[in-house]
Amino acid sequence: MKCIRLLGVAAFAALFACGLGSASAQKKTVIRSVPIGNLKIVDPIWTTAYITRNHAYMVWDTLFSLDADNKPQPQMVDTWTVSDDKLTYTFTLRDGLKWHDGQPVTAEDCVASIRRWAARDAVGQKLMTFIQTVAARDARTIELRLKEPTGLVLPTLGKPSSNVPFMMPKRIAETDPFTQITDTTGSGPFIFKRDEWRPGHLAVYVRNPNYKPRADPVSRLAGGKLAKVDRIEWLAMPDHQQAINALQSGEIDFIEAPPFDLHPLLKADRNIQLLTLSPVGSQNVFRLNHLHKPFDNPAVRRALWYAFNQEDFLKAVIGDPAKYKVCKALFICGTPYASDKGMAGLLESNFDKAQALLKQAGYDGTPIVLLQSSDLFWQTNLAPVAKRLLEKSGFKVDMQPMDWQSIIIRTSKKNPPEQGGWHAYLISPSAMDLMDPLSNRYLNSSCDKAFNGWPCDPEMEKLRDRFARETDLAKLKEIAEAAQVRAVDWTTYVPLGEWRLVSAARKNVTGFISAGPTVFWNVEKK
């Protein structure tokens, strides 16, 4: 009967979970989860999508991970040394690490993984400008030699969010960085059941019996990764109310992102707990394409700072002022590089000023192709707000709804907007990706190597390079402020307020870690 009841919630996933091999599955501990989106892309280097990042944390592992104090701690690495001149790093892998196919993890695997990741990631690209060589000295030893000293090495190898430097077998890591991988062999605490994967419906992970967790205590993404359940199922449930009903009835165990307007239903249920699993929250971002008119004109881009205000976007998604923060700082309020420099008079919806700037810039009425996420509730309402404010400022807007994975694919293309390309879209990245000029991928202005949108600004790249070389905190703050002022002038993106995602779980499921990415190691079900 339970299988029949589940059909109204997620027919395909229920049939699969209940109808196939149910006798053996009932003997195992299973967590059924509704993630933030549908897993359609499995390559965490090809895309920055958080659903893919979270998938990757299940399957792959990293050389280093950041702890609760944002300090890099060894993960796959056992020991490491740094030469006196700070130019040579030597990393020795932990003994006994194996890929899911039983083959040993080698230094050559890791070297190939570093190179592929660095070709796509903003911080990885910058790190590679300092690296003279990275090579396998023997089966378990990686040697990284620098051209000049930098403090980037360990924090970058322990980068916690997209793109994360996950280690993969050499045969996978040698795939062109701009081509998606299909092989999901990893060495992490769970194994991805590719044979059970139904994109848009179901993703399944099972405990890796050969995983060797560290003995260190858990601290955010660092420490021992203990797989305490046998099987984890990610179910696609686009109807939020049905997902809430399934959680309340016990048919599922966890919802990563229940809408804010349904939180009162969850709070009233004594069997449900609300969890904040991100220590820093998220920032709404309006990302624009620098390649095509009208946003190839910096004067047109600057009008956006006068068209928008943050409150309208935050109210449209969050609603409750206690759960969001109006903050003009690019590098996140309450963090070391937060500043309001260069922000006076901006983000206050001064439509007259925006219209005047557009007129001066010679805007010719080219419709802005604005992509709208139709399946992520915290983004669905952002595009209509942007459309309204843009039109009040004198822009013409062509808003095109589509699911988030389609947006990810479309925004990776450089086609003109009238040929299947795009002008702008909105995204809500984790604040941990945005806290300084280097890790903030939306500030990367290295032309073709930049994140989707491809800004090309030598001045910003000089500032990011200075930040990478500096160690004095006061000077780092000065560089960060200069980068913020330049970002306003050049407009690589526009920040539209900060907020935190809240998850929900049944109270018999415990052990969730406030890590940023949603991870399932150390989670158990009683």
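Nothing here was measured: the structure is a model prediction, and the numbers come from that model.
No salt bridge links D230 with K525; every basic N to acidic carboxylate O contact stays at or beyond 4.0 Å. Remark: E498 does not engage K323 in a salt bridge, criterion side-chain N to carboxylate O under 4.0 Å. Salt bridge D183/R194: absent, no basic N to carboxylate O contact under 4.0 Å. The pair R116-D176 fails the salt-bridge criterion, with no side-chain N (NZ, NE, NH1 or NH2) lying under 4.0 Å from an Asp/Glu carboxylate O. Using a cutoff of 4.0 Å between basic side-chain nitrogens and carboxylate oxygens, D61 and K225 are scored as salt-bridged. The pair D101-R171 meets the salt-bridge criterion, with a side-chain N (NZ, NE, NH1 or NH2) lying under 4.0 Å from an Asp/Glu carboxylate O.
In summary, the side chains of D216 and Q73 do not present any donor paired with an acceptor at a separation below 3.5 Å, with no hydrogens or angles considered. If you check the side chains of Q241 and N245, you find a donor sitting under 3.5 Å from an acceptor. Looking only at atom types and distance, the side chain of D403 has no donor-acceptor partner in the side chain of S374 under 3.5 Å away. Remark: the S161 side chain and the R53 side chain contain an N/O donor-acceptor pair separated by less than 3.5 Å. Judged purely by distance below 3.5 Å, without hydrogens or angles, the side chains of D109 and W99 pair a donor atom with an acceptor atom. Residues N284 and Q379 bring no donor and acceptor atom of their side chains to less than 3.5 Å of each other. Judged purely by distance below 3.5 Å, without hydrogens or angles, the side chains of Y425 and Q372 never pair a donor atom with an acceptor atom. Looking at S373 and D375, their side chains do bring a donor and an acceptor atom within 3.5 Å of each other.
Within 6.0 Å of the NZ atom in K414, the count of heavy atoms belonging to other residues, nucleotides or ligands exceeds 12. More than 12 heavy atoms of other shown residues, nucleotides or ligands fall within 6.0 angstrom of atom NZ in K228.
Two rings, from F295 and H290, have their centers 6.0 Å or more apart. For Y57 and W60, the gap between ring centers reaches or exceeds 6.0 Å. The six-membered or imidazole ring of F192 lies near that of W197, with a centre-to-centre distance under 6.0 Å.
Looking only at distances, a side-chain donor or acceptor of R410 sits under 3.5 Å from a matching main-chain atom of G421. Between the T276 side chain and the S278 main chain, no donor and acceptor come within less than 3.5 Å of each other. Counting only distance, with no hydrogens or angles, the side chain of D433 and the backbone of N440 share no donor-acceptor pair below 3.5 Å. A donor-acceptor contact shorter than 3.5 Å links the side chain of R441 to the backbone of S162. A donor-acceptor pair under 3.5 Å is formed between the side chain of R506 and the backbone N or O of Q248. Using a distance-only test at 3.5 Å, with no hydrogens or angles considered, no donor-acceptor pair links the side chain of T156 to the main chain of L154. A donor-acceptor pair is defined here as one N or O able to donate and one able to accept, closer than 3.5 Å; no such pair exists between the side chain of Q400 and the backbone of V369.
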- Message: Using side-chain hydrogen bond (donor to acceptor under 3.5 Å, both in side chains), reason through E311 and Y324 one step at a time and then give a plain yes or no.
- Response: CA-CA 9 Å; E311 191 89 34; Y324 66 71; 2.4 Å; yes
- Message: Would L314 and V326 count as a side chain to side chain contact (heavy atoms under 4.5 Å, CB included) here? Give the steps.
- Response: CA-CA 8 Å; L314 294 166; V326 173; 4.0 Å; yes
Working note: S428 + L382, criterion side chain to side chain contact (heavy atoms under 4.5 Å, CB included); need CA distance, chi angles, decisive distance, verdict.
CA-CA 10 Å; S428 303; L382 295 177; 3.9 Å; yes
- Tell me, with the steps shown, if F451 and R287 meet side chain to side chain contact (heavy atoms under 4.5 Å, CB included). CA-CA 10 Å; F451 184 69; R287 179 64 168 180; 3.9 Å; yes
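F520 and W234 have tilted rings, their planes meeting at an angle from 30° to 60° on a 0 to 90° scale. Relative ring orientation between Y205 and H55 is described as tilted, the plane-to-plane angle lying within the 30° to 60° band. Taking the six-membered ring for Trp and thresholds of 30 and 60 degrees, F260 and W499 have ring planes more than 60 degrees apart, a perpendicular arrangement. Aromatic ring pairs are classed by plane angle as parallel below 30°, tilted from 30° to 60° and perpendicular above 60°; the pair Y493 and Y442 is tilted.
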Show me the donor-acceptor pairs, under 3.5 Å and distance only, between side chains in residues 507-516 and residues at least two apart or in other chains.
from: K507; atom 1: NZ; to: R270; atom 2: O; distance (Å): 3.0
from: N508; atom 1: ND2; to: K526; atom 2: O; distance (Å): 3.1

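In this structure the side chain of I368 never reaches within 4.5 angstrom of the side chain of K387, judged on heavy atoms. Residues L304 and F308 meet the side-chain proximity criterion, which asks for heavy atoms closer than 4.5 Å. Side-chain atoms of K212 and R94, non-hydrogen and from C-beta on, do get closer than 4.5 Å to each other. Residues L157 and V153 have side chains in contact (heavy-atom distance under 4.5 Å, counting atoms from C-beta outward). Between V494 and V285 there is no side-chain heavy-atom pair separated by less than 4.5 Å.
Residues forming a side-chain hydrogen bond (donor to acceptor under 3.5 Å, both in side chains) with W378 (at least two apart in sequence, or on another chain): none. Every residue was checked against the ring pair (Phe, Tyr, Trp, His ring centres under 6.0 Å) condition with H423, not counting sequence neighbours, and none meets it.
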